[in-house]
Q: 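Once you've had a glance at the structure underneath, I'll fire off some questions.
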Amino acid sequence: MKFFIDTANIAEIRDAASLGIIDGCTTNPTLLSKEKGSYREILKEICEIISGPVSAEVVSMDAEGMVKEGKELCKIADNIIIKVPCIREGIKALAMFKKEGIQTNATLCFSANQGLIVAKAGATYVSPFVGRIDDVGNSGMDLIRELVQIYNNYSFGTQIIVSSVRHPQHVYEAALTGADVATIPFKVLEQLIKHPLTDAGVKSFLADWDKVTKK
Ligand code: E4P
């Protein structure tokens, strides 16, 4: 399973990358709006830190505009992936990007049918938002399971990025489904590593080793 870091914060991205387990990064307009500086400079810096795919989202609402914007974003770095919303014009844009050989991430996916359609349109990745689905009282992870099955049934090449991850449970459940990628906020990445029994164990081993060396 690949791990992407879900932030546009350079300090967090550097810290996460230093772990050696980060395969890519996802941004969106909201994440970029929280950072200082030009979005192009931020994306450029992210692409210098992360060698894998870095998602950057278009904000045009028509297919031609999305493609034009996407091509501009692609000039920032070779590893930019164009994020396109799962709307009618987005479907057209996904097919147009595919023809141009530009990799895409179909974002704001909330149903299996949307996932099916974007796979047919040739999306490289699909981003189902599990946290936001849970927020409205449904099961985000059920959608992941459905998409894994649908993509397996028809051997679609679209990779599933479990998105809108809110806690470690989302990551472990995503791994059980066989989803390709989880995009993880920095805070959740830190939570994944920590376990109180590990901390207690390290503390007692160090204390006991101290006795050994003082013998
Ligand atoms: C990632 O690609 C998504 O934009 C992100 O995970 C959305 O997360 P949120 O629902 O917490 O805003």
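A quick note: this is a predicted structure, and the numbers were derived from the prediction, not measured. These numbers come from the heavy atoms of this one structure, side chains and all, not from hydrogens, waters or symmetry mates.
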Q: Indicate if Val202 and Leu197 have the same hydrophobic cluster label, given that clusters are the connected sets of ILVMFWY residues with side-chain heavy-atom separations under 4.5 angstrom.
A: no
Q: Any heavy-atom pair between the side chains of Glu64 and Val67 that's under 4.5 Å?
A: no
Q: Is it the case that one hydrophobic cluster holds both Tyr125 and Ile133, taking links as side-chain heavy atoms less than 4.5 Å apart, direct or via other members?
A: no
Q: For Asp15 and Ser18, which heavy atoms make the closest approach, and how far apart are they?
A: O-OG, 2.6 Å
Q: So, are Asp135 and Arg132 salt-bridged, with charged N and O less than 4.0 Å apart?
A: no
Q: Could you pull out every donor-acceptor pair under 3.5 Å between side chains of residues 81-90 and any protein atom, sequence neighbours left out?
A:
residue, atom, partner, partner atom, Å
Lys83, NZ, Thr27, O, 2.9
Glu89, OE1, Ala63, N, 2.9
Glu89, OE2, Lys92, NZ, 2.7

Q: If we ignore hydrogens and angles and just use 3.5 Å, is the side chain of Thr213 paired with the main-chain N or O of Trp209 as donor and acceptor?
A: yes
Q: If you draw a 6.0 Å radius around CD in Glu48, do more than 12 non-hydrogen atoms from other residues or ligands fall strictly inside?
A: yes
Q: With sequence neighbours left out, write down each residue that passes salt bridge (charged side-chain N to carboxylate O under 4.0 Å, His left out) with Glu100, or none if nothing qualifies.
A: Lys71
Q: Linking I/L/V/M/F/W/Y whenever their side-chain heavy atoms sit closer than 4.5 Å, directly or via other members, would Ile161 and Val130 fall into one cluster?
A: no
Q: How long is the straight-line distance from CD of Gln191 back to CD of Gln169, given to the nearest 0.5 Å?
A: 12.0 Å
Q: Measure the spacing between CG of Asp23 and NZ of Lys2 and express it to the nearest 0.5 Å.
A: 7.0 Å
Q: Is any side-chain heavy atom of Val54 closer than 4.5 Å to a side-chain heavy atom of Phe4?
A: no
Q: Between Glu45 and Arg14, is there a salt bridge with N-O shorter than 4.0 Å?
A: yes
Q: Strictly by ring-ring contact (aromatic ring centres under 6.0 Å, His included), give each pair with a member in residues 168-187 just once, sequence neighbours left out.
A: His167-His170
Q: How far apart are the closest heavy atoms of Met1 and Ala182, and which atoms are they?
A: CE-CB, 3.8 Å
Q: Do you reckon Ile117 sits in the same ILVMFWY cluster as Leu147, going by side-chain contacts under 4.5 Å, direct or chained?
A: yes
Q: Glu72 vs Lys75, test: salt bridge (charged side-chain N to carboxylate O under 4.0 Å, His left out). Steps then yes/no.
A: CA-CA 5 Å; Glu72 279 304 310; Lys75 288 180 189 163; 2.7 Å; yes
Q: Is it the case that more than 12 heavy atoms not belonging to Asp78 sit under 6.0 Å from its CG atom?
A: no
Q: Would you call Lys194 and Asp199 a salt bridge, taking side-chain N to carboxylate O under 4.0 Å as the test?
A: yes
Q: Could you check if a side-chain atom of Lys120 sits within less than 4.5 angstrom of a side-chain atom of Phe156, using non-hydrogen atoms only?
A: yes
Q: Identify the two heavy atoms, one from Phe110 and one from Leu143, that lie closest to each other, and give their separation to 0.1 Å.
A: C-CD2, 3.6 Å
Q: Give the intermediate values and the outcome of side-chain contact (heavy atoms from CB on, under 4.5 Å) for residues Leu73 and Ile80.
A: CA-CA 7 Å; Leu73 288 168; Ile80 288 276; 4.3 Å; yes
Q: So does Asp62 get a backbone contact from the side chain of Ser60, meaning a donor-acceptor N/O pair under 3.5 Å?
A: no
Q: Scan side-chain atoms only and decide if Ser55 and Thr26 contain a donor-acceptor pair under the 3.5 Å cut-off.
A: no
Q: What's the separation between atom CG in Leu31 and atom CD in Glu12, rounded to the nearest 0.5 Å?
A: 9.5 Å
Q: Which heavy-atom pair separates Met66 from Val58 by the least distance, and what is that distance?
A: O-CG1, 3.6 Å
Q: From Ile76 CD1 over to Ile42 CD1, what is the distance, rounded to the nearest 0.5 angstrom?
A: 10.5 Å
Q: Can you tell if the side chain of Gln114 reaches within under 4.5 Å of the side chain of Val118, non-hydrogen atoms only?
A: no
Q: Cluster question for you: counting only ILVMFWY and a side-chain heavy-atom cut-off of under 4.5 Å, with indirect links fine, are Ile5 and Ile193 together?
A: yes
Q: Are the side chains of Leu189 and Leu19 in contact, using a 4.5 Å heavy-atom criterion?
A: yes
Q: Of the non-hydrogen atoms in Ile49 and Ala17, which two are nearest, and what is the gap between them?
A: CG2-CB, 3.9 Å
Q: For Glu146 and Gln149: C-alpha separation, side-chain torsions, deciding distance, then whether side-chain contact (heavy atoms from CB on, under 4.5 Å) applies.
A: CA-CA 5 Å; Glu146 288 162 7; Gln149 185 176 337; 5.9 Å; no
Q: Indicate yes or no for a side-chain donor-acceptor contact from Thr124 to the backbone of Thr104 under 3.5 Å, with no hydrogens or angles considered.
A: yes
Q: Heavy atoms only: give me the nearest Ile150-Ala112 pair and the separation to one decimal.
A: CD1-CB, 3.9 Å
Q: Mark yes or no for whether Asp134, through its side chain, and Gly140, through its backbone, hold a donor-acceptor pair below 3.5 Å.
A: yes
Q: Within a strict 4.5 Å, meaning less than it, do heavy atoms of the Val162 and Val181 side chains meet?
A: no
Q: Taking the side chain as everything from C-beta on, heavy atoms only, tell me whether Thr107 gets closer than 4.5 Å to Ser163.
A: no
Q: Between atom CD1 of Ile144 and atom SG of Cys109, what is the distance when rounded to the nearest 0.5 Å?
A: 8.0 Å
Q: Quick one: do Val171 and Leu192 satisfy side-chain contact (heavy atoms from CB on, under 4.5 Å)? Show the steps, please.
A: CA-CA 8 Å; Val171 179; Leu192 285 180; 3.9 Å; yes
Q: Is there a side-chain contact (heavy atoms from CB on, under 4.5 Å) between Phe205 and Lys203? Walk through the geometry before answering.
A: CA-CA 6 Å; Phe205 282 159; Lys203 201 174 162 199; over 6 Å; no
Q: Answer whether the closest heavy-atom distance between the side chains of Ser127 and Leu108 falls below 4.5 Å.
A: no
Q: Atom NZ of Lys211 and atom CG of Leu206: how far apart are they, to the nearest 0.5 Å?
A: 12.0 Å
